[in-house]
Amino acid sequence: MPHLHAIFPLPSNSKPFQHSNIFSSSSSSFSSSAPIRRRLPRTFSPSKHPNLKRLTSRIVQLTRRRQLHQILEETENAKREYGKLNTIVMNAVMEACVHCGDVDLALNIFHQMTQPHSCGVDTVTYATLLKGLGRARRIDDAFQLLESVEKGTAAGKPKLSTQLIYGLLHALIEAGDLRRANGLLARFGFLLREGGSSSILTYNLLMKGYINTGCPQAAINLHEEIQLLGLEPDRLTYNTLIFACVKAENLEAAMRFFKEMKDKAQRLCCSDLYPDVITCTTLLKGFGHAKDLHSVQKIVLEMKSCHDLFIDRTAFTAMVDAMLNCGSIKGALCIFGEILKQAGANVDLRPKPHLYLSMMRAFADRGDYNMVKNLHERLWPDSAGTISLAAQQEADHLLMESALNNGQIDAAVENLTKIINRWKCISWTSRGGMVALRIEVLLGFNKSMLSPYLLPQVLPGNPIERIMLPLETVRPLSGSLELKKVVMRLYREPVVPIIDDWGSCIGLLHREDCCEMNAPLSTMMRSPPPCVTTTTSIGHVVDLVLKKKYKMVIVVKHSNLNGTTHGSRAVGVFTAEQLHNLVAPVPEGLKQKHTVRRSLTMF
């Protein structure tokens with residue numbers, strides 16, 4: 001039997017989908033036998049203003065699908081047909097570039113728009129570009145752009161407005177970079193002050209940033225500052241505060257904000273302040289995590305008794321998840337049945353595959369093989385949306401687990417055989433991998449279906465800090481250095497960590513990404529780097545390296561990993577080369593001859 005050691009996904013034989021030109025596809029539909037008409041060449045008349053609303057809507061639709069290549073193709077066709085496009089259309093194209101993460105292309109389009117005979121730029125153009133620069137971590141470029149607007153030297157002479165500041169501020173907070181976000185507020189915060197005080201929107205964004213960086217208590221503390229400034233919290237403020245309380249596991253404070261929200265809405269007769277489905281869903285997640293079944297049932301009852309509250313698919317899913325977390329299988333089944341009943345009249349309520357998997361996990365734990373088998377069969381015809389390969393694989397694993405927990409060893413072995421034939425790989429640290437190992441123990445070496453490689457020098461449950469390489473030993477490089485100064489380093493090493501001026505690891509530079517000798521390293525690195533804490537188990541890190549094919553994983557202190565890898569102080573690394581040195585084959589004395597040869601990769 002072949003030895004089994006690491007996972008690397010099998011190469012796909014499928015070819016990428018080729019987008020066709022919608023303007024040329026129609027011509028192929030005409031028969032070659034049809035009579036040919038003579039047409040005069042179509043010329044663009046400058047006096048006729050084309051209606052570009054349909055093109056703008058088309059660009060917005062393609063942006064949601066991330067089909068940037070198709071957008072550019074159709075835009076070029078429209079230029080040939082109509083001539084110069086207006087600023088609204090080009091702004092939509094820039095938004096597509098930002099949405100798809102191609103900020104360099106957005107900059108090229110911006111420079112084209114600023115040319116003398118082009119459509120020109122406006123405030124929306126600058127706000128979109130600032131948002132893209134913020135997401136791409138090109139903060140210096142963003143600040144230079146803002147300063148040019150402030151000085152009046154920017155193309156188009158836009159005015160420095162709150163729209164520009166909020167666009168960049170939101171991008172920084174989404175990335176979890178509160179240090180630069182606070183710097184932006186210190187530099188341009190005067191624009192965000194209305195009547196001598198900051199807007200409530202600023203505090204909503206700051207609270208979101210603190211939550212994203214793993215500091216929910218700091219977000220809760222901002223409520224006092226909001227009250228001192230006399231600002232009126234809106235629904236988004238309360239929802240953010242409740243979410244912060246759930247993150248901080250302070251459910252009493254969450255319920256106080258929930259009650260304050262309802263009381264203020266009734267007192268002011270303001271429907272915009274009433275709790276919405278997001279409020280209730282957040283509370284359900286909090287009480288479900290705390291296994292407080294009584295509070296979960298109370299929130300569910302309140303949601304159903306509120307006639308103005310539409311319970312969507314996300315809210316129903318949160319109800320089921322909360323019930324399952326609290327151990328109420330009967331309650332989860334009741335809500336699941338209600339979802340299926342209402343989905344008959346409203347297809348938007350059809351459950352996602354996640355909900356089926358949640359139910360299957362619960363019944364697999366109890367060893368209810370028949371129920372898991374029924375859910376497994378109904379996953380394809382009754383669920384909505386795309387069923388990912390990971391979801392399909394987990395569903396097969398849960399079917400095997402339920403059979404084993406039910407004592408049906410033959411059925412478990414049969415399902416494991418199907419998994420081997422279909423998927424060829426299974427994570428040895430995953431739930432399905434643990435079930436497969438249990439089956440191996442029951443079968444013994446004489447009937448073993450697996451032959452994994454071992455890590456005899458380490459224990460998978462030990463923290464990664466025991467075997468990591470200190471950061472100093474791998475000699476990280478500054479992102480401001482040019483490639484030509486360190487090019488020999490990349491000849492010797494396939495990947496190098498990159499740090500900023502403050503010593504924070506901001507990315508990894510791979511040898512194959514080095515394409516321009518005079519460019520700074522930060523422009524060619526992959527950011528953010530894969531990151532784990534010092535307390536992460538060795539098994540989990542090995543899983544990441546093998547499954548994701550990472551060449552290097554950054555290790556940071558537990559207190560530094562605040563929901564984002566950017567800005568984290570790295571203390572060490574773990575590389576694929578280290579893993580290769582740790583691997584050892586199964587000893588010859590343990591190998592057995594197999595009557596049936598199967599190949600399963602364990603990672």
Point to revise | Short side-chain donor-acceptor distance under 3.5 Å, T533 and T536 | key: yes

Practice item. For residues T202 and Y166, determine if any side-chain heavy atom of one lies less than 4.5 Å from a side-chain heavy atom of the other. Key: yes

Check your understanding: Would you say the side-chain atoms of D396 and Q392 include a donor-acceptor pair closer than 3.5 Å?
Key -> no

Exercise for review: Check the surroundings of atom CG in D308: do more than 12 heavy atoms from other residues, nucleotides or ligands lie under 6.0 Å from it?
Suggested key: no

Practice item. Answer yes or no: are there more than 12 heavy-atom neighbours, outside E147 itself, under 6.0 Å from its atom CD? Key: yes

Exercise for review: Check the surroundings of atom CZ in R366: do more than 12 heavy atoms from other residues, nucleotides or ligands lie under 6.0 Å from it?
Suggested key: no

**Study point:** Straight-line distance of K131 NZ to M94 CE, nearest 0.5 Å
**Key:** 10.0 Å

Point to revise | Sub-4.5 Å side-chain heavy-atom contact between I139 and L133 | key: no

Exercise for review: Would you mind checking if R431 and E394 are paired as a salt bridge, meaning a charged N to carboxylate O distance below 4.0 Å?
Suggested key: no

Check your understanding: Centres of the Y203 and H223 rings: under 6.0 Å?
Key -> no

Point to revise | Y126 and F110 aromatic centres sub-6.0 Å | key: yes

Review point. Is a side-chain N or O of R350 found less than 3.5 angstrom from the main chain of S383, in a donor-acceptor match?
Key: yes

Review point. Say you draw a straight line from NZ of K247 to SG of C215; how long is it, rounded to the nearest 0.5 Å?
Key: 12.5 Å

Exercise for review: Indicate the atoms forming the closest heavy-atom contact of M207 with T240, along with that distance.
Suggested key: CB-CG2, 3.7 Å

Check your understanding: Can you check whether P530 reaches K548 side chain to side chain, under 4.5 Å on heavy atoms?
Key -> no

Check your understanding: Between I387 and L379, is any pair of side-chain heavy atoms under 4.5 Å apart?
Key -> yes

**Study point:** D234 and D272: CA distance, side-chain angles, deciding distance, side chain to side chain contact (heavy atoms under 4.5 Å, CB included) verdict
**Key:** CA-CA 8 Å; D234 55 14; D272 293 336; over 6 Å; no

Check your understanding: Got a second to check how far T317's OG1 is from L284's CG, nearest 0.5 Å?
Key -> 11.0 Å

Review point. Is the closest side-chain heavy-atom distance between Q266 and L273 below 4.5 Å?
Key: no

Review point. What is the minimum heavy-atom distance between V149 and P158, and which atoms define it?
Key: CG1-O, 3.5 Å

**Study point:** Whether S527 side chain and I506 backbone form a donor-acceptor pair below 3.5 Å
**Key:** yes

Review point. Can you check salt bridge (charged side-chain N to carboxylate O under 4.0 Å, His left out) on R138 and D104, steps first, answer last?
Key: CA-CA 11 Å; R138 298 170 63 169; D104 290 325; 2.6 Å; yes

Review point. What distance separates L324 CG from R361 CZ, expressed to the nearest 0.5 Å?
Key: 9.5 Å

Review point. Any chance NE2 of H289 has more than 12 other-residue heavy atoms, nucleotides or ligands included, within less than 6.0 Å?
Key: no

Review point. Would Y356 and F336 count as a close aromatic pair, with their ring centres under 6.0 Å?
Key: yes

Review point. Roughly how far, to the nearest 0.5 Å, is NZ of K208 from CG of N239?
Key: 12.5 Å

Exercise for review: Report the C-alpha separation of S161 and T123 in whole Å, then their side-chain angles, then the decisive distance to 0.1 Å, and conclude whether the side chain to side chain contact (heavy atoms under 4.5 Å, CB included) test is met.
Suggested key: CA-CA 8 Å; S161 62; T123 304; 3.7 Å; yes

Check your understanding: So, do N182 and L206 sit near enough that their side-chain heavy atoms are less than 4.5 Å apart?
Key -> yes

Review point. Which heavy-atom pair separates A570 from L471 by the least distance, and what is that distance?
Key: O-CD2, 3.6 Å

Practice item. Report yes if some heavy atom in the side chain of L355 is under 4.5 Å from a heavy atom in the side chain of I339; otherwise report no. Key: yes

**Study point:** NZ/NE/NH1/NH2 to OD/OE distance under 4.0 Å, E150 and K159
**Key:** no

Exercise for review: State whether the number of non-hydrogen atoms from other residues, nucleotides or ligands found under 6.0 Å of K264 atom NZ is greater than 12.
Suggested key: yes

Practice item. For atom CZ of R65, decide whether the heavy atoms of other residues, nucleotides or ligands shown that lie under 6.0 angstrom number more than 12. Key: yes

Study note, to complete from the structure: Here the gap from R137 atom CZ to D500 atom CG, rounded to the nearest 0.5 Å, amounts to 9.5 Å

Review point. How close do R235 and Y274 get, heavy atom to heavy atom, and via which atoms?
Key: NE-O, 3.0 Å

Check your understanding: Hey, does the side chain of D292 reach the backbone of F287 with a donor-acceptor pair shorter than 3.5 angstrom?
Key -> no

Point to revise | Salt bridge flag under 4.0 Å for residues D263 and K259 | key: yes

**Study point:** Distance-minimising heavy-atom pair for L349 and Q342
**Key:** CD1-OE1, 3.5 Å

Review point. Does a side-chain heavy-atom distance below 4.5 Å link C97 with V103?
Key: no

Exercise for review: Would you check if there is a donor-acceptor pair between the side chains of S402 and N405 at a distance under 3.5 Å?
Suggested key: no

Point to revise | Smallest separation among heavy atoms of I498 and S478, with atom names | key: CG2-C, 4.1 Å

Check your understanding: Under the side-chain hydrogen bond (donor to acceptor under 3.5 Å, both in side chains) criterion, do D321 and S358 qualify, and how do the steps go?
Key -> CA-CA 7 Å; D321 287 339; S358 297; 3.2 Å; yes

Check your understanding: In terms of side-chain heavy atoms, does Y550 have a donor or acceptor partner in T575 at a distance below 3.5 Å?
Key -> no

**Study point:** Presence of salt bridge, E338 and K304, under 4.0 angstrom
**Key:** yes

**Study point:** CA sep, side-chain torsions, deciding dist, call: D513, M525, side chain to side chain contact (heavy atoms under 4.5 Å, CB included)
**Key:** CA-CA 7 Å; D513 296 335; M525 68 181 184; over 6 Å; no

**Study point:** L146/L168 under side chain to side chain contact (heavy atoms under 4.5 Å, CB included): CA gap, chis, key distance, verdict
**Key:** CA-CA 10 Å; L146 277 178; L168 180 56; 3.7 Å; yes

